[in-house]
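Have a look at the structure below, then the notes.
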Amino acid sequence: MPHVNEHIRVPTDAREMHSRIFPGEATQLPAELIFLLASLRNQATASEITELPASAETSALAPLLASLQQETVMITEAMEEQTIARTLLLRFGLPYLPGAEKVWLTLSEYLVDAKKATEQAKLQLRQAVDQIQALLITQLAVDEEEKLEILEMEEEQHRQGITTLDNARGNLVDESQLTTANNQAADQKKQRLTAISVQKSRIKDSIQSMRSMASSLFINFTSIRQFDSAELVMA
């Protein structure tokens with residue numbers, strides 16, 4: 001059973017102070033960051049995994065997808081808290097008046113706590129992404145590829161069988177009943193080949209879907225890391 005991270009507690013001290021001082025002002029994160037986090041959340045929804053095999057919806061993958069959704073919520077909240085804390089510090093100005101330094105210290109502690117929560121959230125998001133990638137590529141994709149190999153073996157057997165029946169047809173001249181049986185067997189094999197072709201196409205699409213999802217998860221998480229050193233702040 002895959003390990004699912006215990007969700008962290010994101011501090012809200014800066015958010016609460018901000019709402020008191022600047023009521024009604026919404027938190028502003030970079031649009032690109034919001035898009036990347038939304039993309040990760042969307043990949044964990046049922047509508048985004050319709051091309052995956054039925055086995056992908058078992059207990060092995062379901063908790064990881066749920067964890068991915070939750071981790072993106074946590075990282076969003078942590079980055080918002082960090083952004084608000086830094087914004088409050090910048091708006092506070094120089095702490096030169098008596099007593100101002102205490103407020104400055106409190107705000108700086110809010111920022112430190114928010115940064116810690118952000119890093120922990122990123123770590124847990126990375127772990128969730130790694131676990132999903134491993135499951136998609138090493139387990140589900142392998143299972144689907146094995147099914148594909150079995151179908152290809154059966155396909156080759158039926159093709160050879162049709163060739164053999166074609167050769168036998170010449171030996172059954174004037175044997176209408178036997179010729180009919182021969183032809184019916186060949187027709188059934190051809191029907192099975194058609195069904196196999198449909199199954200193979202579906203499996204190949206499924207494998208490609210899993211690989212695309214794994215790749216997209218990695219790309220989106222890597223893109224989010226570009227904000228590691230960014231000083232998130234509102235205008």
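Numbering of residues begins at 1 and proceeds along the displayed sequence. We use all heavy atoms of the structure for the numbers below, so side chains are in, but hydrogens, waters and symmetry mates are not. These numbers come from a predicted model, not from an experiment.
The same ILVMFWY cluster, assembled from side-chain heavy atoms under 4.5 Å apart, contains both F221 and L29. Hydrophobic clustering places F227 together with I34 (ILVMFWY residues linked when any side-chain heavy atoms are closer than 4.5 Å, directly or through intermediates).
K200 meets the salt bridge (Lys or Arg N to Asp or Glu O under 4.0 Å) test with E155; sequence neighbours excluded. V112 meets the side chain to side chain contact (heavy atoms under 4.5 Å, CB included) test with K116; sequence neighbours excluded. In this structure, the salt bridge (Lys or Arg N to Asp or Glu O under 4.0 Å) partners of E145, at least two apart in sequence or on a different chain, are R211. Residues that satisfy the side chain to side chain contact (heavy atoms under 4.5 Å, CB included) test with E146, not counting sequence neighbours, are V142, D143. Not a single salt bridge (Lys or Arg N to Asp or Glu O under 4.0 Å) links R225 to another residue, sequence neighbours left out. R91 is linked by a side chain to side chain donor-acceptor pair (under 3.5 Å) to E25, counting only residues two or more places apart in sequence or in another chain. With sequence neighbours left out, the side chain to side chain contact (heavy atoms under 4.5 Å, CB included) criterion links S39 to F35, N220.
The backbone N or O of P63 sits nowhere less than 3.5 Å from a side-chain atom of S67 that would complete a donor-acceptor pair. Under a 3.5 Å cut-off, the side chain of R86 and the backbone N or O of V233 do not form any donor-acceptor pair. Although no hydrogens or angles enter the test, the distance criterion places no donor-acceptor pair under 3.5 Å between the side chain of S201 and the main chain of S197. Remark: side-chain polar atoms of T76 are paired, donor with acceptor, to backbone N or O of T72 under 3.5 angstrom. Counting only distance, with no hydrogens or angles, the side chain of E77 and the backbone of V10 share no donor-acceptor pair below 3.5 Å. Panel note: side chain S108, backbone L105; a donor-acceptor pair is recorded below 3.5 Å. Using modelled atom types, no side-chain atom of S206 and backbone atom of R202 make a donor-acceptor pair closer than 3.5 Å.
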Steps toward side chain to side chain contact (heavy atoms under 4.5 Å, CB included) verdict (L125, L68)
CA-CA 7 Å; L125 180 61; L68 178 63; 3.5 Å; yes
Could you check K122 against M79 for side chain to side chain contact (heavy atoms under 4.5 Å, CB included), going step by step and ending with a plain yes or no?
CA-CA 10 Å; K122 286 179 180 177; M79 285 186 165; 3.2 Å; yes
Checking side chain to side chain donor-acceptor pair (under 3.5 Å) for the pair Q226/E32: CA distance, chi angles, key distance, verdict?
CA-CA 11 Å; Q226 69 180 294; E32 183 180 1; 3.2 Å; yes
Give the intermediate values and the outcome of side chain to side chain donor-acceptor pair (under 3.5 Å) for residues Q208 and S212.
CA-CA 6 Å; Q208 181 58 42; S212 296; 3.1 Å; yes
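Atom CD of E101 sits about 10.5 Å away from atom OG1 of T106, to the nearest 0.5 Å. How far CG of L36 is from OG1 of T222: 10.5 Å, rounded to the nearest 0.5 Å. In this structure, the separation between CG on L123 and CD on E71 is 9.5 Å, given to the nearest 0.5 Å. Rounding to the nearest 0.5 Å places CZ of R159 at 10.5 Å from CD of E152. Separation of atoms CD1 (I196) and CD (Q157) is listed at 9.0 Å; rounding is to 0.5 Å. Annotation: the span from Q82 atom CD to E231 atom CD amounts to 9.0 Å, rounded to 0.5 Å.
Members clustered with I21: M17, F22, I84, L88, L89, F92, V103, W104, L107, Y110, L111, M234, by chain and number, using a 4.5 Å side-chain heavy-atom cutoff among hydrophobic residues. Other members of the cluster containing F218 do not exist, because no ILVMFWY side chain is joined to it at under 4.5 Å.
Sequence neighbours left out, the pairs with a member in residues 124-142 that pass salt bridge (Lys or Arg N to Asp or Glu O under 4.0 Å) are R126-D130. Within the structure, side-chain hydrogen bond (donor to acceptor under 3.5 Å, both in side chains) contacts touching residues 183-195 (residues at least two apart or in different chains) are E154-R192, H158-K189, R169-N183, R192-Q199.
The 12-atom threshold is not exceeded at CG of L94, counting heavy atoms of other residues, nucleotides or ligands nearer than 6.0 Å.
Judged by distance alone, the side chains of Q131 and Q127 never bring a donor and an acceptor atom under 3.5 Å apart.
The two residues A121 and I75 have their closest heavy-atom pair at CB-CA, 3.8 Å. Closest approach of E144 to I203, counting heavy atoms only: O-CG2, 3.4 Å.
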Side chains of residues 171-179: which donor-acceptor partners sit under 3.5 Å, not counting sequence neighbours?
unit_1 : atom_1 : unit_2 : atom_2 : d
T179   : OG1    : L172   : O      : 3.0
T179   : OG1    : E175   : O      : 2.8

